[in-house]
Number of protein chains: 2
Amino acid sequence: MSIPVPPWQQRAARERSARRPLSLDLIVRTALELLETDGLDAVSMRKVAQRLGTGAASLYAYVNNKDELHELMLDLVIGEISVPDPDPANWRQQIKDLINRQVEVLAAHPGIARVVLRTPAPTGPNALAVTEAMLSILRAAGLPDRAVAFAVDILALFATAAAMELSADFGLTDEQRDERISQVEQYFASLPEDRFPTLVSMLPVLSQGDYRERFDFGLDLLLNGLAAWKP
Amino acid sequence: MSIPVPPWQQRAARERSARRPLSLDLIVRTALELLETDGLDAVSMRKVAQRLGTGAASLYAYVNNKDELHELMLDLVIGEISVPDPDPANWRQQIKDLINRQVEVLAAHPGIARVVLRTPAPTGPNALAVTEAMLSILRAAGLPDRAVAFAVDILALFATAAAMELSADFGLTDEQRDERISQVEQYFASLPEDRFPTLVSMLPVLSQGDYRERFDFGLDLLLNGLAAWKP
DNA sequence: ACCTGAACACCGTTCAAGT
DNA sequence: ACCTGAACACCGTTCAAGT
């Protein structure tokens with residue numbers, strides 16, 4: 001049995017760090033909280049430190065710089081993707097599920113996709129596991145090695161770009177989003193027909209289909225193209 | 001005939017702005033100089049203003065905020081893409097050329113591709129011209145309208161993501177780049193075979209092929225997929 | 001060894017005050 | 001009307017000084 005600390009002895013700002021001492025794990029998880037609610041731009045060394053009741057300088061004992069912190073966050077996010085065992089009869093659906101899930105978890109952490117495009121190759125353990133899964137699914141499907149290697153690259157690029165687009169309007173209220181959409185629509189409707197004849201004539205089709213349909217369309221193009229590589 | 005200004009009357013920092021007064025055009029072109037040499041992160045309101053011999057506050061008479069300046073820059077960059085008249089027999093090559101050129105000009109202005117992913121739709125006059133061209137080429141090729149509309153979206157996304165990847169290592173010296181590559185290679189060579197069997201066994205293939213081959217592979221997947229939509 | 005306050009060199013944007 | 005210095009509220013990172 002321990003006697004409780006009197007409230008006037010608790011320094012509010014230090015409470016958390018007094019109970020839970022700093023650690024890499026704590027830092028990254030605190031940063032992820034910030035990411036989910038406020039987006040990547042809000043994940044600054046200073047704001048993360050503030051949440052932990054300390055100063056930004058303290059984080060540098062665990063992390064070399066902000067980019068490294070962002071990369072650690074990314075791998076934890078990628079860790080939310082669960083990977084299946086290859087089922088050759090189902091390779092298309094397996095790849096589709098993996099890519100869709102990847103877009104989903106990236107978009108759920110607004111801005112983190114930027115980190116993917118900044119990093120040369122997936123080096124975190126979770127990113128490696130996803131890459132391993134994609135490679136083995138495509139290989140089990142009977143595609144030539146070269147197509148497998150290139151396809152994994154292209155599919156990852158595609159998923160990342162889609163996630164970036166999805167989180168582009170993060171931070172706007174629903175009203176702001178609606179206003180933006182109607183502004184864009186008005187703008188396009190006002191374009192001169194003689195300079196942009198095809199665009200103007202296609203306006204109804206161009207505004208058709210939400211993100212899902214467009215993304216699925218693109219993914220199917222890629223997968224159809226890939227299937228054609230089967231010997 | 002005008003008498004030259006004596007050197008001691010020229011205030012160096014103000015020289016440019018004294019001769020050429022501020023204008024939106026001058027601001028955007030100055031920003032583009034900075035972009036080409038130093039990358040998007042260096043294009044700050046303060047640095048652009050400094051180049052013009054003034055303070056950041058002065059730019060706000062011509063531009064609402066930094067994002068708007070970045071968008072104006074983007075459209076000038078897109079303007080470097082020249083658009084062809086549709087040639088139905090050659091639609092595949094025309095699209096390939098357009099997309100390759102787009103990646104080229106975006107990558108030549110390191111970081112500007114980020115602005116594309118941030119903007120909801122292409123609204124600048126030059127971006128509209130490129131969109132009009134892509135739409136008309138695909139339509140003239142005989143693709144259904146819906147496929148045309150979706151394809152333009154997907155192709156633009158693909159080109160933008162590729163350009164982002166290409167400018168990812170901007171700012172590094174050749175030595176730093178080489179060191180990074182060899183570090184990544186060493187890391188991958190050290191991975192445990194039991195956890196990443198496919199990855200490890202495919203290492204030689206994975207490091208095969210440069211950016212061009214991978215990008216062409218992906219573009220061909222998309223175009224093959226598209227061609228299949230022809231009725 | 002671990003932590004941190006203060007400092008340095010940057011940001012975007014606003015606004016009162018100048019011409 | 002056009003321009004701007006100074007201020008405000010932020011950054012990432014370093015480093016000497018503390019325990």
Side-chain angles (χ1 to χ4, degrees), chain A residues 9 11-28 30-31 34-35 37-74 111 114-115 118-119 170-172 176, chain B residues 11-28 30-31 34-35 37-74 111-112 114-115 118-119 170-172 176:
Chain A
Q9 283 184 16
R11 279 178 296 170
R14 307 222 161 194
E15 205 178 348
R16 193 194 284 257
S17 80
R19 291 210 203 122
R20 297 199 271 169
L22 275 190
S23 72
L24 182 57
D25 192 66
L26 182 59
I27 290 170
V28 179
T30 305
L34 212 47
L35 175 64
T37 56
D38 298 5
L40 191 70
D41 288 335
V43 183
S44 65
M45 298 300 273
R46 289 173 119 107
K47 285 220 192 86
V48 173
Q50 200 179 18
R51 281 219 171 192
L52 291 163
T54 182
S58 301
L59 307 185
Y60 286 85
Y62 300 90
V63 134
N64 279 311
N65 50 47
K66 193 176 72 161
D67 282 356
E68 203 176 288
L69 175 57
H70 285 174
E71 279 164 34
L72 292 168
M73 292 162 68
L74 171 62
R114 276 213 300 272
V115 183
R118 204 178 285 147
T119 322
F170 175 77
L172 276 62
Q176 286 173 317
Chain B
R11 280 176 297 169
R14 307 224 161 194
E15 204 178 347
R16 191 193 287 257
S17 79
R19 292 212 202 121
R20 297 200 271 169
L22 275 189
S23 71
L24 182 57
D25 192 66
L26 181 61
I27 290 170
V28 179
T30 306
L34 211 47
L35 174 65
T37 57
D38 298 4
L40 190 70
D41 288 334
V43 183
S44 65
M45 298 299 274
R46 290 172 119 107
K47 287 221 190 85
V48 173
Q50 200 180 17
R51 282 218 170 191
L52 292 164
T54 182
S58 302
L59 308 185
Y60 286 85
Y62 300 90
V63 134
N64 280 311
N65 50 47
K66 193 176 71 161
D67 282 356
E68 203 177 287
L69 174 58
H70 285 174
E71 280 164 34
L72 291 167
M73 292 163 68
L74 171 62
I112 197 71
R114 275 213 302 271
V115 182
R118 203 176 287 146
T119 321
F170 175 77
L172 275 60
Q176 287 174 318

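Chain identifiers are assigned alphabetically (A, B, ...) following the order of the sequence lines, protein sequences preceding nucleic acid strands; residue numbering begins at 1 within each chain.
Legend: residues meeting side chain to side chain donor-acceptor pair (under 3.5 Å) with B:Ser58, ordered by chain and number and at least two apart, are B:Thr54. Annotation: side-chain contact (heavy atoms from CB on, under 4.5 Å) contacts of A:Ala61 (sequence neighbours excluded): none. In this view, A:Asp41 and A:Arg114 satisfy the salt bridge (Lys or Arg N to Asp or Glu O under 4.0 Å) rule, not counting sequence neighbours. With sequence neighbours excluded, the residues satisfying salt bridge (Lys or Arg N to Asp or Glu O under 4.0 Å) with A:Asp25 are A:Arg29. Partners of B:Tyr62 according to the side-chain contact (heavy atoms from CB on, under 4.5 Å) rule, which considers only residues two or more places apart in sequence or in another chain, are B:Leu22, B:Leu24, B:Ile27.
Of the C1' atoms belonging to C:dA9 and D:dC10, the separation is 13 Å, rounded to the nearest Å.
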Where each pair must be Watson-Crick or G-U wobble with both distances under 3.5 Å, what dot-bracket representation of DNA chain C is obtained, with crossing pairs in [ ] and other-strand partners as |?
||.|||||...|||||.||

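Summarising the geometry, the separation between OH on A:Tyr62 and C1' on C:dA1 is reported as 10 Å, rounded to the nearest angstrom. Rounded to an integer number of Å, the gap from CG of A:Leu59 to P of C:dC3 is 11 Å. For the pair B:Ile27 CD1 and D:dC2 C1', the interatomic distance rounds to 12 Å; values are reported in whole Å.
Once rounded to the nearest 0.5 Å, the distance linking NZ of A:Lys66 with CG of A:Leu59 reads 12.0 Å.
For B:Val48 against B:Thr30, the heavy-atom pair with the smallest separation is O-CG2, 4.2 Å. Contact detail for A:Ala42 and A:Leu34: the closest heavy-atom pair is O-CD2, 3.7 Å.
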Scan nucleotides 7-16 of chain C nucleotide by nucleotide, 5' to 3', and note B when protein non-hydrogen atoms come under 4.0 Å of the base, S if they reach only the sugar-phosphate, - if neither.
B---BBBBB-

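At D:dT4, one or more side-chain N or O atoms of B:Thr54 fall inside 4.0 Å of OP1 or OP2 (strictly under the cut-off).
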